[in-house]
Amino acid sequence: MKIKSELSKIIEKALHSANIQANEIVISDATKPEFGDYQFNGVMRLAKELKRNPREIASEVVEHIDTTGMVSKVEVAGPGFINIWLNNEWLAKVTTETLDDKRVGVGFVENPKRVVVDYSGPNMAKQMHVGHLRSTIIGDTLATLFEFLGDEVIRQNHIGDWGTQFGMLIAYLEEQNTDGNTQELKDLEQFYKDAKVRFDESKEFANKAREYVVKIQSGDEHCLELWQSFINASLGHCEEVYKKLNVNLTRNDVRAESFYNDQLPKIIETLKEKNISTTSNGAECVFLEGDENPIIVQKSDGGFLYATTDLAALYFRANVLKAKRICYVVDARQAQHFKQVFAIAKMAGLVDEDVILEHIGFGTMMDKGGKPFKTRDGGVIKLVDLLDEAVVRAKDAIKDRDVHSEEELNSVARAIGIGAVKYADLSISRESNYIFNWDKMLSFEGNTSLYMQYAYARIQSILRKHNAEVSGKIIIGDEIEHRLAVMLLKFEDTLIKASIEATPHTITSYLYELVTLFMKFYEQNPILKDGIENEVKMSRLQLSILTGAVIKKGLEILGIEVVEKI
RNA sequence: GCACUCGUAGCUCAGCUGGAUAGAGCACUCGCCUUCUAAGCGAGCGGUCUCAGGUUCGAAUCCUGACGGGUGUACCA
């Protein structure tokens with residue numbers, strides 16, 4: 001239910017009836033329960049424009065507000081706030097209707113678009129480490145969210161499969177394979193290190209590595225084959241992580257850097273033709289206004305750079321995939337790069353004016369001392385290890401609870417452990433830097449995914465115990481049920497906000513608030529106990545069912561599973 | 001040097017398109033399991049919102065400056 005826009009309409013009507021002009025009506029959440037459910041603060045600004053007393057205007061508006069349907073009560077407070085209470089019968093009716101809705105009251109966006117979401121983008125030469133977590137799960141959540149709201153989403157995994165380090169890696173791979181048995185790329189990190197050692201100690205090997213770089217680029221069959229087998233193995237590692245993470249990326253979503261290789265000369269040509277780039281110190285450069293340094297699109301030795309590849313990718317996404325919105329879920333450190341690339345792409349007409357280009361940046365993962373993790377120090381935790389440890393800890397935490405069979409134990413541990421890791425990341429605002437902490441990441445207390453999963457399991461437990469049909473209407477019997485019902489209907493507004501701002505943490509905050517209310521309701525309002533009237537029992541069961549459905553859908557968008565029992 | 005970004009409770013963080021007494025979790029203190037899962041609920045403790053100016057009826061939020069952390073700044077991605 002789009003509550004805020006419904007309320008805006010009601011206020012607009014009231015303003016109109018009261019003969020007051022206003023251009024934009026913003027409804028906000030009430031800051032406290034005593035102040036109602038929602039509030040309209042716009043009167044103070046209007047009063048200034050009209051040079052009138054704000055409380056006087058507010059009272060006039062309040063007199064004209066329709067309180068026969070959605071709204072039960074309005075009140076002027078403080079300097080001129082208008083506090084709004086939603087009507088219990090209306091809440092009861094709408095929540096009851098929502099029970100039959102698979103989308104739990106969430107509609108579709110008015111103008112669905114084709115959206116490209118570029119995320120994860122691991123480097124094939126390296127093992128995925130904790131630093132790759134954010135792009136992968138933020139991107140995956142946004143893709144799922146956009147899709148749920150009705151957009152057509154094309155996921156793009158722009159993997160790094162091209163560059164000088166691959167000469168070294170495939171030369172080493174070949175060397176390892178000569179004794180007949182194919183080397184398994186069990187540990188990529190180790191493989192890279194070993195190759196590097198070999199590169200540093202042997203001139204012969206180093207020369208071969210350099211030679212292989214050239215050979216891949218010129219299309220040498222043998223080298224390409226080695227390269228392809230290396231990429232396949234490395235991608236296999238990533239897919240293992242995606243699977244563990246419950247992330248919806250498949251091989252069909254992979255569009256590697258190398259895919260754009262043969263289009264790069266054309267990009268340079270276009271830039272030259274349109275006089276956007278110039279040659280400077282032997283390199284092909286674009287000088288943008290306001291930037292002291294140019295963006296180099298072609299090196300003096302003729303090689304291309306990542307800006308070139310990104311321009312080619314933008315062209316492809318806008319013209320071949322025909323996306324109208326292109327989102328890059330990439331580290332905030334690349335903000336300047338994307339700003340420049342986007343500007344060039346639009347200047348050169350590689351992307352039409354009406355295509356929305358967005359860099360969805362996120363903060364850097366820091367170590368305990370507040371310094372960014374450094375890959376080269378070797379101290380970075382492998383993503384697989386983190387995830388496995390999370391599941392182990394979860395299993396350890398639930399094994400004595402005596403509610404699970406042996407096979408349930410593993411799937412529940414997985415849901416809880418992986419959920420904790422993802423939730424810990426998704427629940428902080430994506431722009432801020434992130435201090436990595438094992439214990440916090442694997443914590444099961446307070447605002448963690450387990451809190452949501454636990455509430456869901458409690459609801460399922462009640463339904464199992466009830467073990468009969470649930471029918472009948474929701475009745476709002478008290479303050480806590482009122483607040484719970486309002487919160488349930490806020491789900492759509494929350495998702496819309498999360499989608500516009502591309503902020504998954506908007507969803508986690510909402511779920512936390514919802515579950516907190518449910519826990520209170522659970523404590524205060526018994527459902528199955530003796531002496532509860534049937535009508536009330538059914539209403540409370542229905543409220544619980546709806547809460548469970550919203551929790552499940554919310555977590556599903558975050559890629560976190562619910563479980564029946566904990 | 002220039003640019004971007006962040007600075008809120010002991011710790012980790014919300015809130016930032018200006019609104020009422022700045023909110024959570026963790027930690028700490030206390031209370032609640034013979035009845036729907038106590039990984040829960042209730043109560044308490046804890047704040048010069050980095051600092052200084054400015055705009056405003058009203059500033060954690062907007063503007064300017066200072067200080068501090070992080071990041072980016074011509075041939076890596």
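Worth knowing before you read on, the calculation uses all heavy atoms, side chains too, and leaves out hydrogens, waters and symmetry mates. In what follows, every chain begins at residue 1, and chains take the letters A, B, ... in the order their sequences are listed.
- Whole-Å rounding puts the M519(A) CE to G40(B) P distance at 7 Å.
- Comparing A59(B) with G53(B), their C1' atoms sit 13 Å apart, to the nearest whole Å.
- Glycosidic conformation of C33(B): syn, with the torsion inside 90° of 0.
- Heavy atoms of H505(A) sit under 4.0 angstrom from primed sugar atoms or phosphate atoms, though from no base atom.
- Using the Watson-Crick or G-U wobble rule with both distances under 3.5 Å, G53(B) pairs with C63(B).
- At the heavy-atom level, D400(A) lies nowhere under 4.0 Å from the strands shown.
- Between the C1' atoms of G58(B) and A22(B), the separation comes to 15 Å (whole Å).
- Between E257(A) and F444(A), it is F444(A) whose nearest contact on RNA chain B lies nearer the 5' terminus.
- At a threshold of 4.0 angstrom between heavy atoms, the contacts of N281(A) include nucleobase atoms, whether or not backbone atoms are also involved.
- In this structure, of C36(B), A39(B), G72(B), it is A39(B) that holds the atom nearest to the side chain of I398(A).
- A cation-pi arrangement is absent between K196(A) and F191(A) under the rule of less than 6.0 angstrom and at most 45 degrees off the ring axis.
- Contacts of I527(A) with the nucleic acid, taken as non-hydrogen atoms under 4.0 Å apart, include base atoms.
- Base pairing annotation: A24(B) forms a Watson-Crick or G-U wobble pair with U12(B), both donor-acceptor distances under 3.5 Å.
- Using a 4.0 Å heavy-atom distance criterion, E292(A) is classed as a base contact.
- Across U37(B), C41(B), A14(B), the shortest atom-to-atom separation from the side chain of S432(A) is found for A14(B).
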remark   = Once base and sugar-phosphate atoms are separated, protein heavy atoms under 4.0 Å mark nucleotides 18-24 of chain B, 5' to 3', with B, S and - as -BBS--S

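- A distance below 6.0 Å separates the ring centres of Y328(A) and F342(A).
- For the pair R458(A) and Y522(A), the distance from NZ or CZ to the six-membered ring centre is under 6.0 Å and the angle to the ring normal is within 45 degrees.
- Contact check of residues 448-461 of chain A against RNA chain B (heavy atom, cut-off under 4.0 Å) returns L450(A), Y451(A), Y454(A), A457(A), R458(A), S461(A).
- Regarding Y306(A), its OH atom lies at a distance of 10 Å from the P atom of C75(B), rounded to whole Å.
- If you take atom P in U8(B) and the same atom in A52(B), they sit 16 Å apart, rounded to whole Å.
- Annotation: U21(B) and C63(B) have their P atoms spaced 24 Å apart (nearest Å).
- The existence of a salt bridge linking K299(A) and E284(A) is excluded, since no basic side-chain nitrogen approaches an acidic carboxylate oxygen closer than 4.0 Å.
- Summary of the strand contacts: I566(A) and S300(A) both lie near RNA chain B, and taking for each the nucleotide with the nearest heavy atom, the more 5' one is attributed to I566(A).
- Here H132(A) pairs with H129(A) under the ring-ring contact (aromatic ring centres under 6.0 Å, His included) rule; sequence neighbours left out.
- In this structure, K529(A) reaches the bases: a heavy-atom distance under 4.0 Å links it to at least one base atom across the strands shown.
- Counting any heavy atom pair closer than 4.0 Å across all strands shown, I295(A) reaches no nucleic acid atom.
- Within the 4.0 angstrom heavy-atom criterion, no nucleotide atom of any strand lies near A335(A).
- Atom name P, nucleotides A20(B) and C67(B): the rounded distance is 32 Å, in whole Å.
- Interatomic distance, L514(A) CG to L484(A) CG, rounded to the nearest 0.5 Å: 6.5 Å.
- Residue K520(A) is in sugar-phosphate contact alone, with no base atom involved, counting any heavy-atom pair closer than 4.0 Å across all strands shown.
- The distance from atom CZ of R464(A) to atom CD1 of I459(A), rounded to the nearest 0.5 Å, is 11.5 Å.
- Judged by atom type and distance alone, S427(A) does not reach the base of A14(B) through any side-chain donor-acceptor pair under 3.5 Å.
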